[in-house]
Protein chains: 2
Amino acid sequence: MPAARGGRPPTIRSVAEHAGVSKSLVSLVLRGSPRVSEARRRAVLDAVRELGYRPNATARHLTERRSHTVGVLLNDLRNPWFVECLEGLNSVFHAHDLRMFLGDGRLDRRTDEALTQGFLELPVDGMVLVGTMPESAVIAEAAATLPTVVASSRDFDLPGVPVFANDDRHGAALAVRHLADLGHRHIAHLAGSFGAVARLRRESYEQTMRAHGLGEHIRVERCDLTEEGGYRAAVRLLTGPRRPTALFAVNDMACVGALSAAEELGIAVPGELSLVGYDNTYLARIRHLSLTTVDNASHEVGRNAAKALLDRIAGRADGAGEHLLPPELRIRSSTAPPTRLTTS
Amino acid sequence: MPAARGGRPPTIRSVAEHAGVSKSLVSLVLRGSPRVSEARRRAVLDAVRELGYRPNATARHLTERRSHTVGVLLNDLRNPWFVECLEGLNSVFHAHDLRMFLGDGRLDRRTDEALTQGFLELPVDGMVLVGTMPESAVIAEAAATLPTVVASSRDFDLPGVPVFANDDRHGAALAVRHLADLGHRHIAHLAGSFGAVARLRRESYEQTMRAHGLGEHIRVERCDLTEEGGYRAAVRLLTGPRRPTALFAVNDMACVGALSAAEELGIAVPGELSLVGYDNTYLARIRHLSLTTVDNASHEVGRNAAKALLDRIAGRADGAGEHLLPPELRIRSSTAPPTRLTTS
DNA sequence: TCCCGTCTTTGGACCGGTCCAATCCGTATT
DNA sequence: AATACGGATTGGACCGGTCCAAAGACGGGA
């Protein structure tokens, strides 16, 4: 029978009284100490069951000076790869009895700063910064106070804070090379409008184009990272002069937008236009979209970041700097050789 | 300057000492009491700044016997409408200084039960159950102990726990009626394989079919709620005898799967096959998919559920029972009249 | 029978806050 | 000058746990 209606829930002292022992002994039993007599152990466990006792985590956190919680700061749960990355984080944290406190800078109307403030006050045992987000003094201060790691973002350069991500330069190079190898020359890029990840992908696009002797065909159109943004940017590119035969988009969402634009303009994909996205989200895997894309290994990035955070929480603060995982190209149905090489 | 490296962070007592007042006064200042002299207030605030003091939320929660946190139990963050619903919840909770603790039964490999256990132990101030999930004794017990509301699920019948959802019967009727009005007669249904929501939608499909004199054309194919599931179920329906001219899917994900199946089988949508989904997720809004679907008002459902939970936390436990919001049909490009009425 | 060592059990300080009854102090009233 | 009063300030109990030094119990050896 649980706590009497209205009355306060049972505490460790009620259990002790009910079992006829001291609260210290109850604590020992509950934490599985080996040096408790069988008789007492049973008496305590019986009392726990009879009273419906549940330990109060808040109180435990106070004395342990640990909340067994890590704060995860991200900025848009709608973007599917976040979920992938979270699963990676969670698989590790869960195995170590740590909860995740999600703060979505967008879901939450609180700014990232307010969320970070909350992490500091709880306080959480550690913090993970996931994905592109603006730097801020509060975040920097939190990172100096709390064990912190960065996942899937290249925006931060915080002292002693390790960064886990996929190698965006390499990934973008894979995408462009794939298109070039297919015979494309007019390869344009839908670039993200802010954040280091977008910048790296764009730079690598340009560099790879040049490496393939396609420097003169470099063409960058900015967009935000949504379907809508990709759509609009693609319309601009596809209705202008010297229409590209291939498009490398900064992420899958934008790539889907480009796909929509092509369809609307009556341009066949991949017949007349090849598309490559980035992230290998489930969007790209949907058969009806079936985008060639770059797998950014977000799950594994999440796992690695989580492991590193555990190390830091335990006081092993080694391995700052960048830890890049190799991305992989996933070829699906949105890319093909250009229709007629002669026309390009 | 924040806490000395390695040393413990400042507490309310350090601040008191530094400011030359009692800790009680510091507490008063920090909570904005009006009856503190200006001189003392300033002294305290100066000390706070100088020491870089941050109140410890864990300690406050212990004495207040509130964690200012609500537990949100859901089961698949990958399904986009969850995010929508979460935003609704959050918009209300945030305005009342409540954090959300997300427990994703799937993201988390812990079962729902372990998560619920965690909610009870923290303890959270209240609990929201979002979406279809299996009933369980632990959840029922938690719901009896904590202020609880259900959002977007019809599976629970817990005493005194209000349910907020869209009217699934009505929504399914809207979908079927739309197809029937377009002239379709062979309207099949991709049904979810478990959960009360799936059952309601299926029952309403059948009922509406009969109401339109189409009882003999009722055809239900089970699938899970993923793209893959929808794809497979649609393939079965579309390759069998008496191919339907329209499909009403239990949700958008399954509907996208059906779209893929149609494409693969060379069946034009909406020319030869009309499709209607459910949820109006951003998937349906993607131009290249552009699914006709039923808007389940998840944001508003979330808001209402959150408001009700606030009431319960405050001790006003009125309004148990179901609170259904009217869904709305969103007509896009996946539905059209059947090509030739004579062939149907 | 007494002493000692080992294993079990206990009391009480502590974590960092909130809150309330009691005290302090300056001023107005008689 | 003594009394009363009201606002400012304080000490200490309390929230529900953990942890540690010390006390208690018990059995074996002298």
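Quantities reported herein were computed from a predicted structural model and do not represent experimental measurements. Chain letters run A, B, ... following the sequence lines, proteins first, then strands; residues in each count from 1.
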> Which atom pair, heavy atoms only, marks the closest approach of A:F82 to A:V130?
Replying inline: CE2-O, 3.5 Å

> Does CD in B:E17 sit with more than 12 non-hydrogen atoms of other residues, nucleotides or ligands closer than 6.0 Å?
Replying inline: no

> Looking at residues 115-123 of chain B, who's got a heavy atom less than 4.0 Å off DNA chain C?
Replying inline: none

>> Could you work out, with salt bridge (Lys or Arg N to Asp or Glu O under 4.0 Å) as the rule, every residue matching B:R13, not counting sequence neighbours?
In response: none

> Axis-to-axis angle across the helix from C:dT1-D:dA30 to C:dT30-D:dA1, five pairs an end, to 10 degrees?
Replying inline: 80°

> ring pair (Phe, Tyr, Trp, His ring centres under 6.0 Å): which pairs involve residues 25-65 of chain B, sequence neighbours left out?
Replying inline: B:H61-B:H68

Using the 3.5 Å cut-off, write out each protein N or O paired with an N or O of nucleotides 8-11 of chain D and the distance between them.
residue: D:dT9; atom: OP1; partner: B:S37; partner atom: OG; Å: 3.1
residue: D:dT9; atom: OP1; partner: B:R40; partner atom: NE; Å: 2.7
residue: D:dT9; atom: OP2; partner: B:S37; partner atom: N; Å: 3.1
residue: D:dT10; atom: OP2; partner: B:S22; partner atom: N; Å: 3.0
residue: D:dT10; atom: OP2; partner: B:S22; partner atom: OG; Å: 3.1
residue: D:dG11; atom: N7; partner: B:S24; partner atom: OG; Å: 3.2
residue: D:dG11; atom: O6; partner: B:S24; partner atom: OG; Å: 2.5

> What residues form a side chain to side chain donor-acceptor pair (under 3.5 Å) with A:R41, not counting sequence neighbours?
Replying inline: none

> Does anything in residues 13-39 of chain A pair up under ring pair (Phe, Tyr, Trp, His ring centres under 6.0 Å), and if so which pairs, sequence neighbours excluded?
Replying inline: none

> Which is the 5'-most and which the 3'-most nucleotide of DNA chain C that has an atom under 4.0 Å from a heavy atom of chain A?
Replying inline: C:dT8 to C:dG16

>> A quick test of your reading: do over 12 heavy atoms of other residues, nucleotides or ligands sit less than 6.0 Å from CG of A:D46?
In response: yes

> For A:N296, does its backbone N or O pair with a side-chain atom of A:S298 as donor and acceptor, under 3.5 Å?
Replying inline: no

>> Tell me if a side-chain donor or acceptor on A:S152 pairs with a main-chain N or O of A:G131 at a distance below 3.5 Å.
In response: no

> Considering residues at least two apart in sequence or located in another chain, which fulfil the side chain to side chain donor-acceptor pair (under 3.5 Å) criterion with B:S14?
Replying inline: B:T11

>> For A:E121, give me all partners under side chain to side chain donor-acceptor pair (under 3.5 Å), at least two apart in sequence or on another chain.
In response: none

>> Let me spell it out: for each of B:R13 and A:Y53, pick the nucleotide of DNA chain D with the closest heavy atom. Which residue's pick is nearer the 5' end?
In response: B:R13

>> For B:S24, give me all partners under side chain to side chain donor-acceptor pair (under 3.5 Å), at least two apart in sequence or on another chain.
In response: none

>> Please classify the nucleic acid contact of B:R31 as base, sugar-phosphate, or nothing, using heavy-atom distances under 4.0 Å.
In response: sugar-phosphate

> Looking across every strand, which nucleic acid part, if any, lies under 4.0 Å from A:R54 by heavy atom: base, sugar-phosphate, or nothing?
Replying inline: sugar-phosphate

> Sequence neighbours excluded, which residues qualify as salt bridge (Lys or Arg N to Asp or Glu O under 4.0 Å) partners of B:D125?
Replying inline: B:R66

